[in-house]
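Below is one structure, written out as structure tokens; comments come after it.
These numbers come from a predicted model, not from an experiment. We name chains A, B, ... by the order of the sequence lines, and we start the count at 1 in each one.
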Amino acid sequence: MEQQAKQMPKTFDFKEAEGRLYAMWEREGWFKPEIAPKDAEPFVISMPPPNVTGALHLGHALFVSLEDLMTRYERMRGKAALWVPGTDHAGIATQLQVEKMLHDEGTSREQVGREEFLARTWLWKEKYGGRIEDQLRRMGASCDWDRERFTLDDGLSNAVQEVFITLYNQGLIYRGPRLVNWSPGLRTAVSDLEVEREEEPGKLYYFNYPLEGGGSIPVSTTRPETILGDTAVAVHPDDPRYQDLIGKFALVPVLNRRIPVIGDEYVDREFGTGALKVTPGHDFNDYEIGQRHNLPLINIMNKDATLNQNAGIYAGMDRFEAREKLWNDMAALGLTVKIEDINHAVPRSQRGGEIVEPMISTQWFLKIQPLADKALAAVRAGSIRIVPERFEKVYYHWLENIEDWCISRQLWWGHRIPVWYGSDGEVYVGKLPPKDRPGYTWTPEEDVLDTWFSSGLWPFSTLGWPEQTPDLRRFYPTDVMETGYDILFFWVARMIMMGLWFTDQPPFHTVYLHGLVRDKFGRKISKTLGNVIDPLDLVDQYGADPLRMTLLTGSTPGNDVNLDTSRVERNWRFVNKIWQMTNFVTQNLGDEPLESGFPAPADLDLPARWITSRLNKLVASVERLFESYQYGEAGRQIDDFLWTEFADWYIEISKYPLYQGDAQAKANTRRVLIGVLDTCLRLLHPFMPFVTEELWSFLPNRTGKPLIAASWPDGDSRYEDDAAEADMQMLIDLVRGIRNVRDEYQVEPSRKITALIVPGSSPKLFAAYEYLFARLCNVGTINLLADESSAPQQAASVSVGDVTAYLPLADFVDVSAECDRLSKERAKLTEQISRVEKQLGNEQFVARARPDVVEKERTRLAGLKASAEQIDSRIAGLCGDKT
RNA sequence: GGGCGUAUAGCUCAAUUGGCAGAGCGCGGUCCUUACAAGACCGAUGUUAUAGGUUCAAGUCCUAUUACGCCCACCA
């Protein structure tokens, strides 16, 4: 029976292996939930769909790392793991890209027309739509591509229509002219969420509003052109300065339109002049005032933000041009007072960046309150949990103050609203127009739905809803929604609302929110800053595993990640390190077949008892950390265990039994080496799937299955052994002490030295494990001494607890140097001892601290005191009256 | 204006229910020891932002302050 199936290459050729392994996983169907037993509990994540024409950025790399980790972990735990991938049509973003392409071709969307434009967009989607998917594959995403969805697929479009029609029939969707945020460049309405307010330098214009019959009221504005749409001047009703004017009339400058002076408590007497021009057609506050006072609405703008005929002589001018012209004309009339430089918040479109204009427009709205109430209740009741918890507060606040959602967009790329207008103005809501009557035609609604409307259905629409498909029955509700906190409102809240409304179930039980990926200085990544990090460059350079490991170990839930690419390089070295460990283990498997699993605890030597005990604690710890979503800490612990404990200590120690032990010792050691490695590759697989899968293929593998399908390790408490850990720790400390002394005295590393050891209370330990010292700190000969009386003078000494090693380094050590060194050591101990003694001398501590904490301190004190005693007697013997 | 986050080694980050403040990178030194120089070994580096408080015990809990960042909000 051959143990070594394949010869390992010297290093991991990730460029060759990643594609091959991914293809193998996909081809063999391991990404599909059907590989689990029929009765397996499902675990489902809906992938946040990237924009269909987008390219992979670090945010995607982070979500793939996290979601793939969760999926692979649950798959290994035996669940029917399903990660549903897909892409989003991303209405505005995609349309803008295609419009830009048309512009470059010297044409425009208007010129080619709606039908042609959509055809071109679909072509664009076909061309670039596959790109992001391939990039997700390169990151190792173990999603079920057979279940991939696109938001404009027939099935999903059907779900969207179904939802719209249902909500309409429930009286929750209405259409009407309202003041909305209008994006003049995109020529569409956008929702409140799509408007970003940035504090910018601007100007506050002061002028006198002329009153009918003479006199004036001083007012100020940041947008003088809106004067043309004023329908009132408002003052505070209790303001003695202006009170008397309420009920009189003012005249709109230049236009000379007659408007009332009204009193409204909204006016802040302290701000500006204490009087306010009211433009209900172009300002949200003024709109409210207008509603209260039945003021007329005047829209002075066209869809591209040029002024319309209501602006009189300014009609046809751009809004900013008109602003200047009007102001100059007012100056000529002697109405202007001054212009003040101020900083104020300017509303800009999230997409185009242009200034958004509040404008009256006929749009479709969703009455959101009933849905929001359910969404609030679900989180409050704990049926949905948000990680980290602090975002629950943010979520509540948003939903408690939510306004109706403007769901229509004047775009072409998207789900067309399923509404038809009869030739007599009749409105019909349905997927298809009613049957034609003679002489009567139905015109379809031009508008499409906000992209987020379809995204809100994602967890169930991707599984087949509204059809009661087998997938929907088996995999809905999903489990975890993992996404960025920046789309908590845009997406997460809306999925919860829609999910609860249409399926009566929360669409997922946990929301895990990650942060933004920034550069190593914490700056936002942007083209203008020139700090763009392309994840694919990093994947090309180091492979996907190091990038994943870096993102996972560098992030905590809800916090931004500052990506330092030197960490990616370090994790690439970690990949090499575990490669080399595996190389060592597989080279030393021997020719005899080995039993699988670990030998019984009783058959293990001390180092093996130590490493298996440590391994079991690691497994338990990783499990606990995973349960609380602390993936980063889990990854670091596995890394630390493998590199520091397994490689630096156990592998080095194992060489003795492997090379010099008897057959039994060899076999046991081999089984421990393989066992630890096997377990750690499993633990590490969700973090670094490629290299672990590749390494797995070199281990003696009795199942023939790839690692992706291996079971998640269970702890085995029989291997927990605190005594072994303590003994081993003592030996490790002693080895370190000896190395330290060698280094301090600059003994050449190749020079073998002799150690004389007073083994204190552990004579058996040294009898059995003195070989460690030869291997780990190049001690050629060890003699055990009964006590310190026979210790040589010309020697350095190292004490750990009641054990002391004497190193007779005649050429290197002079007595006074050694005495200096020892007294420094002693001083350190004195300090530590006094601290612990003080602690233990405190009755309150002993009485109130947890017993195990007190016990730990006592043990520590005993150890420190024993070391101190050893050093004291050494100093007494060696240094005489020197100290 | 309201809410939230962050502040720990030169840099990037950890630290479980409060229980000896740790990694990596970088830095100094030694070594090509038969898995690994993409490595091994040794070392230096901290008033855990500031000021109080609670506690036997505080990086961790409470209060205030400062700096930076984010979210929400109708001051023209």
Query raised in the report: What integer distance in Å separates A:F489:CZ from B:C70:C1'?
Result: 11 Å

Query raised in the report: Given atom CG of A:L58 and atom P of B:U12, what is their separation to the nearest angstrom?
Result: 17 Å

Query raised in the report: Is the aromatic ring of A:F845 within stacking range of B:A57, meaning centres under 5.5 angstrom and planes under 30 degrees?
Result: no

Requested in this report: With heavy atoms under 4.0 Å as the rule, sort A:S220 into base, sugar-phosphate or nothing.
Outcome: base

Report task. Return yes if the base of B:A35 and the side-chain atoms of A:E652 contain a donor-acceptor N/O pair under 3.5 Å, otherwise no. Result -> yes

**Report entry** Within 45° cone and under 6.0 Å: A:R494 NZ/CZ vs A:W405 ring
**Finding:** yes

Query raised in the report: Base, sugar-phosphate alone, or nothing: which one does A:I651 contact when heavy atoms must sit under 4.0 Å apart?
Result: base

Report task. Take atom CD of A:E403 and atom C1' of B:C72, then tell me their distance rounded to the nearest Å. Result -> 13 Å

Query raised in the report: If you look at every strand shown and take non-hydrogen atoms under 4.0 Å, does A:R742 touch a base, only sugar-phosphate, or nothing?
Result: nothing

Query raised in the report: Which letters describe nucleotides 20-34 of chain B, given B = protein heavy atom under 4.0 Å from base, S = only from sugar-phosphate, - = neither?
Result: B---SS---BSS---

Requested in this report: For A:N559 and B:C4, give me the distance from atom CG to atom C1', rounded to whole Å.
Outcome: 11 Å

Report task. Using a strict cut-off of less than 4.0 Å between a Lys/Arg side-chain nitrogen and an Asp/Glu carboxylate oxygen, indicate whether A:E837 and A:K865 qualify as a salt bridge. Result -> yes

Query raised in the report: Would you call A:F698 and A:N583 a side-chain contact if the rule is heavy atoms closer than 4.5 Å?
Result: no

Query raised in the report: When you check the phosphate oxygens OP1 and OP2 of B:C13, does a side-chain N or O of A:N562 lie under 4.0 Å from one of them?
Result: yes

Query - Separation of B:C36 C1' from A:W579 CH2 (nearest whole Å) - result: 13 Å

Query raised in the report: In dot-bracket notation, what is the pairing pattern of RNA chain B, taking Watson-Crick (N1-N3 plus N6-O4 or O6-N4) and G-U wobble (N1-O2 and O6-N3) contacts under 3.5 Å, with [ ] crossing and | for other strands?
Result: (((((((..((((.....[..)))).(((((.......))))).....(((((..]....))))))))))))....

Query raised in the report: Side chain of A:K520, base of B:C11: donor and acceptor closer than 3.5 Å?
Result: no

Query raised in the report: Do the side-chain N or O atoms of A:K10 get closer than 4.0 angstrom to the phosphate oxygens (OP1, OP2) of B:C36?
Result: yes

